[in-house]
Amino acid sequence: MNQTYHNYYIQVESFLRGLRSELLQRAEDSYKIYQKTSKLDIVTEVDREVEQKIIDFIYGLAPEDGIVGEESFFIENNIKSAKRNMWYIDPIDGTINFVCQKKNFAISVAYYEEQVGKIAWIYDVCRDRLYGAIQNEGAHINGIPIPIPKDRPIEESLVAVAARTLYYLEENPTQVRKRRIYDALGFRAYGVSTLQMMGVATGELGCYISKQLSPWDYAAGLIILKEVGVLISDFHLSPPTLNEMKNSSLICATPKIYHQLFSL
Ligand code: IPD
Ligand code: CA
Ligand code: CA
(Lines give C-alpha, C1' and ligand atoms only; values in the text may rest on other atoms or scores of the structure.)
(Ligands and ions follow the chains in the order given, each with its own letter.)
Protein backbone atom coordinates (compact mmCIF):
# COMPACT_ATOMS: atom_id res chain seq x y z
CA MET A 1 0.00 0.00 0.00
CA ASN A 2 1.43 3.37 -1.07
CA GLN A 3 0.83 5.81 1.78
CA THR A 4 1.25 8.91 -0.43
CA TYR A 5 -1.47 7.73 -2.79
CA HIS A 6 -3.82 7.01 0.10
CA ASN A 7 -3.09 10.38 1.59
CA TYR A 8 -3.78 12.10 -1.76
CA TYR A 9 -6.92 10.04 -2.19
CA ILE A 10 -8.44 11.05 1.13
CA GLN A 11 -7.51 14.71 0.79
CA VAL A 12 -8.81 15.15 -2.74
CA GLU A 13 -12.01 13.22 -1.94
CA SER A 14 -12.75 15.45 0.99
CA PHE A 15 -11.95 18.57 -1.04
CA LEU A 16 -14.28 17.53 -3.89
CA ARG A 17 -17.11 16.67 -1.52
CA GLY A 18 -16.62 20.08 0.08
CA LEU A 19 -17.45 21.75 -3.26
CA ARG A 20 -20.86 20.07 -3.48
CA SER A 21 -23.26 22.43 -1.73
CA GLU A 22 -21.81 25.53 -3.38
CA LEU A 23 -21.92 23.88 -6.80
CA LEU A 24 -25.54 22.79 -6.36
CA GLN A 25 -26.39 26.36 -5.39
CA ARG A 26 -24.43 27.81 -8.33
CA ALA A 27 -26.38 25.52 -10.71
CA GLU A 28 -29.56 27.30 -9.58
CA ASP A 29 -28.10 30.83 -9.82
CA SER A 30 -27.41 32.89 -12.91
CA TYR A 31 -23.85 32.90 -14.25
CA LYS A 32 -22.01 33.94 -17.40
CA ILE A 33 -21.72 31.49 -20.29
CA TYR A 34 -18.97 31.81 -22.89
CA GLN A 35 -18.56 30.14 -26.27
CA LYS A 36 -15.18 28.46 -26.88
CA THR A 37 -14.40 26.87 -30.26
CA SER A 38 -18.03 26.56 -31.42
CA LYS A 39 -21.59 27.05 -30.21
CA LEU A 40 -21.56 23.46 -28.95
CA ASP A 41 -18.39 24.10 -26.99
CA ILE A 42 -19.33 26.28 -24.04
CA VAL A 43 -17.90 27.12 -20.66
CA THR A 44 -19.52 28.88 -17.72
CA GLU A 45 -17.87 31.04 -15.12
CA VAL A 46 -18.67 28.22 -12.68
CA ASP A 47 -16.44 25.79 -14.64
CA ARG A 48 -13.61 28.31 -14.39
CA GLU A 49 -14.13 28.96 -10.68
CA VAL A 50 -14.25 25.26 -9.83
CA GLU A 51 -11.14 24.55 -11.88
CA GLN A 52 -9.21 27.35 -10.18
CA LYS A 53 -10.16 26.00 -6.76
CA ILE A 54 -9.00 22.51 -7.65
CA ILE A 55 -5.74 23.83 -9.13
CA ASP A 56 -5.04 25.88 -5.98
CA PHE A 57 -5.71 22.80 -3.88
CA ILE A 58 -3.40 20.57 -5.92
CA TYR A 59 -0.64 23.17 -5.88
CA GLY A 60 -0.93 23.13 -2.09
CA LEU A 61 -0.80 19.33 -2.04
CA ALA A 62 1.94 18.72 -4.65
CA PRO A 63 3.58 22.02 -5.70
CA GLU A 64 6.11 20.41 -8.08
CA ASP A 65 3.55 18.52 -10.18
CA GLY A 66 2.15 19.50 -13.59
CA ILE A 67 -1.55 20.23 -13.98
CA VAL A 68 -3.68 20.00 -17.09
CA GLY A 69 -7.06 21.60 -16.58
CA GLU A 70 -9.64 21.91 -19.34
CA GLU A 71 -10.29 25.59 -18.81
CA SER A 72 -6.75 26.76 -18.06
CA PHE A 73 -4.87 28.78 -20.60
CA PHE A 74 -1.59 26.95 -19.91
CA ILE A 75 -2.89 23.51 -20.85
CA GLU A 76 -1.08 23.18 -24.13
CA ASN A 77 2.32 24.07 -22.71
CA ASN A 78 1.77 21.74 -19.83
CA ILE A 79 0.87 18.83 -22.10
CA LYS A 80 3.99 19.43 -24.15
CA SER A 81 6.30 19.70 -21.18
CA ALA A 82 4.64 16.65 -19.51
CA LYS A 83 6.20 16.52 -16.09
CA ARG A 84 6.83 13.28 -14.26
CA ASN A 85 3.78 13.74 -12.05
CA MET A 86 0.69 15.09 -13.79
CA TRP A 87 -2.85 15.91 -12.71
CA TYR A 88 -5.75 16.08 -15.18
CA ILE A 89 -8.84 18.05 -14.22
CA ASP A 90 -12.27 18.38 -15.76
CA PRO A 91 -13.99 20.82 -13.39
CA ILE A 92 -17.45 20.17 -14.81
CA ASP A 93 -17.85 17.27 -17.18
CA GLY A 94 -21.24 17.74 -18.79
CA THR A 95 -21.32 21.54 -18.89
CA ILE A 96 -24.29 21.49 -21.26
CA ASN A 97 -26.19 19.31 -18.75
CA PHE A 98 -25.16 21.68 -15.95
CA VAL A 99 -26.63 24.60 -17.92
CA CYS A 100 -29.73 22.91 -19.36
CA GLN A 101 -30.61 20.35 -16.66
CA LYS A 102 -28.79 21.56 -13.51
CA LYS A 103 -27.85 17.89 -12.98
CA ASN A 104 -26.00 14.99 -14.65
CA PHE A 105 -22.54 16.49 -14.41
CA ALA A 106 -19.36 15.40 -12.64
CA ILE A 107 -15.97 16.61 -11.49
CA SER A 108 -13.06 14.50 -12.69
CA VAL A 109 -9.51 14.47 -11.31
CA ALA A 110 -6.74 12.02 -12.18
CA TYR A 111 -3.15 11.67 -11.02
CA TYR A 112 -0.52 10.10 -13.31
CA GLU A 113 3.19 9.33 -12.90
CA GLU A 114 5.14 9.07 -16.16
CA GLN A 115 1.88 8.55 -18.02
CA VAL A 116 0.80 5.69 -15.78
CA GLY A 117 -2.54 6.27 -14.05
CA LYS A 118 -2.21 6.09 -10.29
CA ILE A 119 -5.30 7.66 -8.68
CA ALA A 120 -8.72 8.68 -9.96
CA TRP A 121 -11.73 10.55 -8.63
CA ILE A 122 -15.00 11.06 -10.51
CA TYR A 123 -17.55 12.88 -8.42
CA ASP A 124 -21.20 12.69 -9.49
CA VAL A 125 -22.10 15.88 -7.64
CA CYS A 126 -25.91 15.71 -7.64
CA ARG A 127 -26.07 12.06 -6.60
CA ASP A 128 -23.23 12.58 -4.11
CA ARG A 129 -21.49 9.52 -5.55
CA LEU A 130 -17.70 9.43 -5.64
CA TYR A 131 -16.16 6.84 -7.97
CA GLY A 132 -12.52 6.27 -7.15
CA ALA A 133 -9.53 4.03 -7.62
CA ILE A 134 -5.89 3.65 -6.71
CA GLN A 135 -3.88 1.61 -9.23
CA ASN A 136 -4.05 -2.16 -8.49
CA GLU A 137 -6.26 -1.67 -5.44
CA GLY A 138 -9.68 -1.99 -7.10
CA ALA A 139 -12.37 0.59 -7.76
CA HIS A 140 -15.14 1.77 -5.48
CA ILE A 141 -18.16 4.03 -5.17
CA ASN A 142 -18.39 5.96 -1.90
CA GLY A 143 -15.93 3.45 -0.46
CA ILE A 144 -17.86 0.33 -1.55
CA PRO A 145 -15.91 -1.90 -3.97
CA ILE A 146 -17.19 -2.09 -7.55
CA PRO A 147 -17.38 -5.74 -8.63
CA ILE A 148 -16.15 -6.79 -12.07
CA PRO A 149 -19.14 -6.10 -14.39
CA LYS A 150 -20.90 -9.10 -16.02
CA ASP A 151 -19.40 -9.94 -19.40
CA ARG A 152 -22.54 -9.96 -21.56
CA PRO A 153 -22.68 -9.89 -25.38
CA ILE A 154 -23.84 -6.69 -27.08
CA GLU A 155 -27.25 -8.27 -27.79
CA GLU A 156 -27.93 -8.21 -24.03
CA SER A 157 -26.41 -4.80 -23.28
CA LEU A 158 -27.07 -1.08 -23.41
CA VAL A 159 -24.60 1.01 -25.38
CA ALA A 160 -23.93 4.68 -24.65
CA VAL A 161 -23.36 6.46 -27.93
CA ALA A 162 -24.46 9.86 -29.19
CA ALA A 163 -26.08 10.44 -32.59
CA ARG A 164 -23.06 12.45 -33.80
CA THR A 165 -20.75 9.53 -33.03
CA LEU A 166 -22.97 7.07 -34.92
CA TYR A 167 -22.98 9.46 -37.86
CA TYR A 168 -19.19 9.79 -37.66
CA LEU A 169 -18.79 6.00 -37.70
CA GLU A 170 -21.03 5.78 -40.77
CA GLU A 171 -18.97 8.37 -42.61
CA ASN A 172 -15.40 7.49 -41.65
CA PRO A 173 -13.23 4.39 -41.98
CA THR A 174 -12.30 2.90 -38.59
CA GLN A 175 -11.57 -0.55 -37.22
CA VAL A 176 -14.98 -0.67 -35.53
CA ARG A 177 -17.55 -3.05 -37.01
CA LYS A 178 -20.22 -0.38 -36.95
CA ARG A 179 -23.06 -2.73 -37.97
CA ARG A 180 -22.53 -4.68 -34.72
CA ILE A 181 -23.38 -1.58 -32.66
CA TYR A 182 -26.99 -1.82 -33.89
CA ASP A 183 -27.30 -5.28 -32.29
CA ALA A 184 -27.40 -3.62 -28.86
CA LEU A 185 -30.43 -3.98 -26.62
CA GLY A 186 -30.73 -0.18 -26.62
CA PHE A 187 -28.88 3.13 -26.88
CA ARG A 188 -28.35 5.80 -24.26
CA ALA A 189 -26.63 9.18 -24.38
CA TYR A 190 -26.11 11.01 -21.09
CA GLY A 191 -23.85 13.84 -22.36
CA VAL A 192 -21.23 13.30 -19.68
CA SER A 193 -18.32 11.13 -20.70
CA THR A 194 -17.02 10.38 -17.19
CA LEU A 195 -20.37 9.08 -15.95
CA GLN A 196 -20.88 7.04 -19.10
CA MET A 197 -17.50 5.42 -18.45
CA MET A 198 -18.66 4.75 -14.90
CA GLY A 199 -21.84 3.22 -16.35
CA VAL A 200 -19.62 0.62 -18.00
CA ALA A 201 -17.70 0.13 -14.74
CA THR A 202 -20.90 -0.69 -12.84
CA GLY A 203 -22.47 -2.79 -15.61
CA GLU A 204 -25.37 -0.36 -16.28
CA LEU A 205 -23.90 -0.04 -19.77
CA GLY A 206 -21.99 -2.65 -21.75
CA CYS A 207 -20.13 -0.09 -23.77
CA TYR A 208 -19.45 3.63 -24.23
CA ILE A 209 -18.40 4.97 -27.62
CA SER A 210 -17.34 8.56 -28.36
CA LYS A 211 -15.77 10.06 -31.46
CA GLN A 212 -13.93 12.97 -29.87
CA LEU A 213 -12.67 13.34 -26.35
CA SER A 214 -9.79 15.07 -24.58
CA PRO A 215 -7.44 13.77 -21.88
CA TRP A 216 -9.41 15.43 -19.05
CA ASP A 217 -12.58 13.63 -20.24
CA TYR A 218 -11.10 10.16 -19.77
CA ALA A 219 -7.89 10.38 -17.66
CA ALA A 220 -9.72 9.38 -14.45
CA GLY A 221 -12.12 6.99 -16.16
CA LEU A 222 -9.27 4.97 -17.67
CA ILE A 223 -7.78 4.29 -14.23
CA ILE A 224 -11.10 3.18 -12.74
CA LEU A 225 -12.11 1.04 -15.72
CA LYS A 226 -8.78 -0.76 -15.76
CA GLU A 227 -9.41 -1.87 -12.17
CA VAL A 228 -12.64 -3.63 -13.19
CA GLY A 229 -11.31 -5.29 -16.36
CA VAL A 230 -13.04 -3.05 -18.92
CA LEU A 231 -11.17 -2.88 -22.25
CA ILE A 232 -10.37 0.52 -23.76
CA SER A 233 -8.94 1.88 -26.99
CA ASP A 234 -9.59 4.43 -29.70
CA PHE A 235 -11.44 3.45 -32.90
CA HIS A 236 -8.17 2.12 -34.34
CA LEU A 237 -7.26 -0.20 -31.46
CA SER A 238 -4.60 2.18 -30.07
CA PRO A 239 -4.59 3.21 -26.43
CA PRO A 240 -6.04 6.70 -25.87
CA THR A 241 -3.31 9.30 -25.55
CA LEU A 242 -2.86 11.86 -22.80
CA ASN A 243 -0.70 14.09 -24.99
CA GLU A 244 -3.23 15.52 -27.38
CA MET A 245 -5.65 18.31 -26.66
CA LYS A 246 -8.68 16.91 -28.43
CA ASN A 247 -9.73 14.38 -30.94
CA SER A 248 -9.14 11.01 -29.41
CA SER A 249 -11.94 8.59 -30.14
CA LEU A 250 -12.81 6.15 -27.38
CA ILE A 251 -14.44 2.77 -26.93
CA CYS A 252 -14.67 1.21 -23.52
CA ALA A 253 -16.48 -2.07 -23.23
CA THR A 254 -16.64 -5.26 -21.26
CA PRO A 255 -14.44 -7.88 -22.98
CA LYS A 256 -17.12 -9.77 -24.96
CA ILE A 257 -18.53 -6.59 -26.48
CA TYR A 258 -15.10 -5.14 -27.18
CA HIS A 259 -14.19 -8.31 -29.09
CA GLN A 260 -17.51 -8.25 -30.96
CA LEU A 261 -17.04 -4.62 -32.01
CA PHE A 262 -13.51 -5.16 -33.27
CA SER A 263 -14.02 -8.71 -34.50
CA LEU A 264 -11.02 -9.94 -32.52
C1 IPD B 1 -18.13 16.90 -22.85
C2 IPD B 1 -18.94 15.75 -22.34
C3 IPD B 1 -19.67 15.06 -23.47
C4 IPD B 1 -18.75 14.65 -24.60
C5 IPD B 1 -17.98 15.87 -25.09
C6 IPD B 1 -17.18 16.48 -23.93
P7 IPD B 1 -17.57 18.98 -21.19
O8 IPD B 1 -17.35 17.46 -21.80
O9 IPD B 1 -18.16 14.80 -21.67
O10 IPD B 1 -20.31 13.89 -23.01
O11 IPD B 1 -19.49 14.12 -25.64
O12 IPD B 1 -17.09 15.49 -26.12
O13 IPD B 1 -16.45 17.58 -24.40
O14 IPD B 1 -17.21 19.95 -22.28
O15 IPD B 1 -18.97 19.07 -20.76
O16 IPD B 1 -16.57 18.96 -20.09
CA1 CA C 1 -15.48 16.90 -20.29
CA1 CA D 1 -15.60 20.34 -18.71
Side-chain angles (χ1 to χ4, degrees), residues 16 19 23 26-27 31-55 58 67-76 78-79 87-110 120-126 131 158-169 172 181 187-201 204-205 207-225 232 234-235 240-242 244-252:
L16 295 179
L19 296 173
L23 201 44
R26 293 292 270 130
Y31 44 76
K32 292 200 182 83
I33 302 175
Y34 308 94
Q35 194 171 303
K36 296 199 282 185
T37 53
S38 72
K39 65 179 190 323
L40 297 177
D41 188 14
I42 58 167
V43 59
T44 73
E45 58 182 322
V46 185
D47 297 65
R48 291 179 178 168
E49 286 166 16
V50 171
E51 179 157 310
Q52 195 52 56
K53 284 183 184 170
I54 299 172
I55 287 175
I58 291 170
I67 302 177
V68 171
E70 177 176 13
E71 313 305 345
S72 307
F73 62 92
F74 55 87
I75 294 166
E76 213 156 354
N78 233 336
I79 281 187
W87 297 74
Y88 297 85
I89 303 167
D90 191 340
I92 299 183
D93 185 34
T95 295
I96 293 179
N97 291 350
F98 179 81
V99 171
C100 299
Q101 305 178 325
K102 305 182 196 310
K103 60 183 181 181
N104 298 323
F105 58 89
I107 305 175
S108 177
V109 178
W121 303 258
I122 293 177
Y123 186 36
D124 180 340
V125 179
C126 297
Y131 300 83
L158 292 174
V159 169
V161 60
R164 283 192 187 92
T165 293
L166 282 176
Y167 181 73
Y168 175 90
L169 284 165
N172 295 277
I181 300 174
F187 298 105
R188 300 291 181 268
Y190 306 160
V192 44
S193 51
T194 52
L195 296 184
Q196 288 171 117
M197 291 174 90
M198 292 306 94
V200 181
E204 285 166 30
L205 301 166
C207 175
Y208 168 52
I209 309 176
S210 180
K211 72 178 171 65
Q212 192 183 47
L213 292 175
S214 303
W216 46 83
D217 292 313
Y218 50 72
L222 297 184
I223 299 172
I224 296 172
L225 288 178
I232 307 155
D234 68 9
F235 290 175
T241 171
L242 291 168
E244 276 168 36
M245 282 282 286
K246 194 92 189 171
N247 252 339
S248 184
S249 54
L250 188 84
I251 291 197
C252 42

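The figures here come from the full heavy-atom set of this structure, side chains too, leaving out hydrogens, waters and symmetry mates. Note that ligands are numbered from 1 as they come in the structure, with each ligand's atoms numbered from 1 the same way. Position 1 is the first residue of the sequence, and the numbers go up from there.
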With backbone taken as N, CA, C and O and side chain as the heavy atoms from C-beta onward, which portion of Val192 lies under 4.0 Å from ligand 1: side chain, backbone, both, or neither?
backbone
Sequence neighbours excluded, which residues qualify as salt bridge (Lys or Arg N to Asp or Glu O under 4.0 Å) partners of Asp234?
none
Closest approach of Ala162 and Ala189, non-hydrogen atoms and distance?
CA-CB, 4.2 Å
Tyr218 and Tyr208: aromatic ring centres closer than 6.0 Å?
no
List-wise, which protein N, O or S atoms are found short of 3.0 Å from the Ca ion (ligand 3)?
Glu70 OE1, Asp90 OD1, Ile92 O
Mark yes when over 12 heavy atoms from residues, nucleotides or ligands other than Tyr34 sit less than 6.0 Å from its OH; otherwise mark no.
yes
Going by the atom numbers of ligand 1, which of them fall below 4.0 Å from some non-hydrogen atom of Gly191?
2 (C), 3 (C), 10 (O)
Atom indices of ligand 1, in the order listed, that fall short of 4.0 Å to a heavy atom of Gly94:
7 (P), 15 (O), 16 (O)
Counting each atom of ligand 1 from 1 as listed, which ones have a heavy atom of Asp90 under 4.0 Å away?
16 (O)
Proximity to ligand 1 by part of Glu70, non-hydrogen separation under 4.0 Å
side chain
Flag for Ser108-Asp93: side-chain donor and acceptor within less than 3.5 Å:
no
Heavy-atom closest pair (Phe235 atom, Ser249 atom, distance to 0.1 Å) is N-OG, 2.9 Å
Work out which heavy atom in Leu19 is nearest to a heavy atom in Lys53; give both atom names and the distance.
CD2-CD, 3.9 Å
State the atoms of ligand 1, each with its element, that fall below the 4.0 Å cut-off from a heavy-atom position in Asp93.
1 (C), 2 (C), 7 (P), 8 (O), 9 (O), 15 (O), 16 (O)
Does Ile92 come within less than 4.0 angstrom of ligand 1, counting non-hydrogen atoms of the residue?
yes
Nearest heavy-atom contact between Ile107 and Pro91 is CG1-O, 3.3 Å
Checking Asp47, Val50, Ile55 against Glu71 for side chain to side chain contact (heavy atoms under 4.5 Å, CB included), the one that qualifies is Asp47
Kindly give the heavy-atom pair with the smallest separation between Tyr190 and Gln196, and that separation in Å.
N-OE1, 2.9 Å
What part of Asp217 sits under 4.0 Å from ligand 1 if we count only heavy atoms: the side chain, the backbone, both or neither?
side chain
N or O pair under 3.5 Å between Thr194 and ligand 1
no
Within the structure, does Gln212 bring an N/O atom to less than 3.5 angstrom of an N/O atom in ligand 1?
yes
Are the charged groups of Arg26 and Glu49 less than 4.0 angstrom apart, N to O?
yes
Nearest non-hydrogen partners of Tyr131 and Ile224, listed with the distance
O-CD1, 3.8 Å
By number and element, which atoms of ligand 1 are closer than 4.0 Å to a non-hydrogen atom of Thr95?
15 (O)
Out of Ile42, Leu213, Leu195, Asn97, indicate the one that has the non-hydrogen atom closest to atom 11 (O) of ligand 1.
Leu213
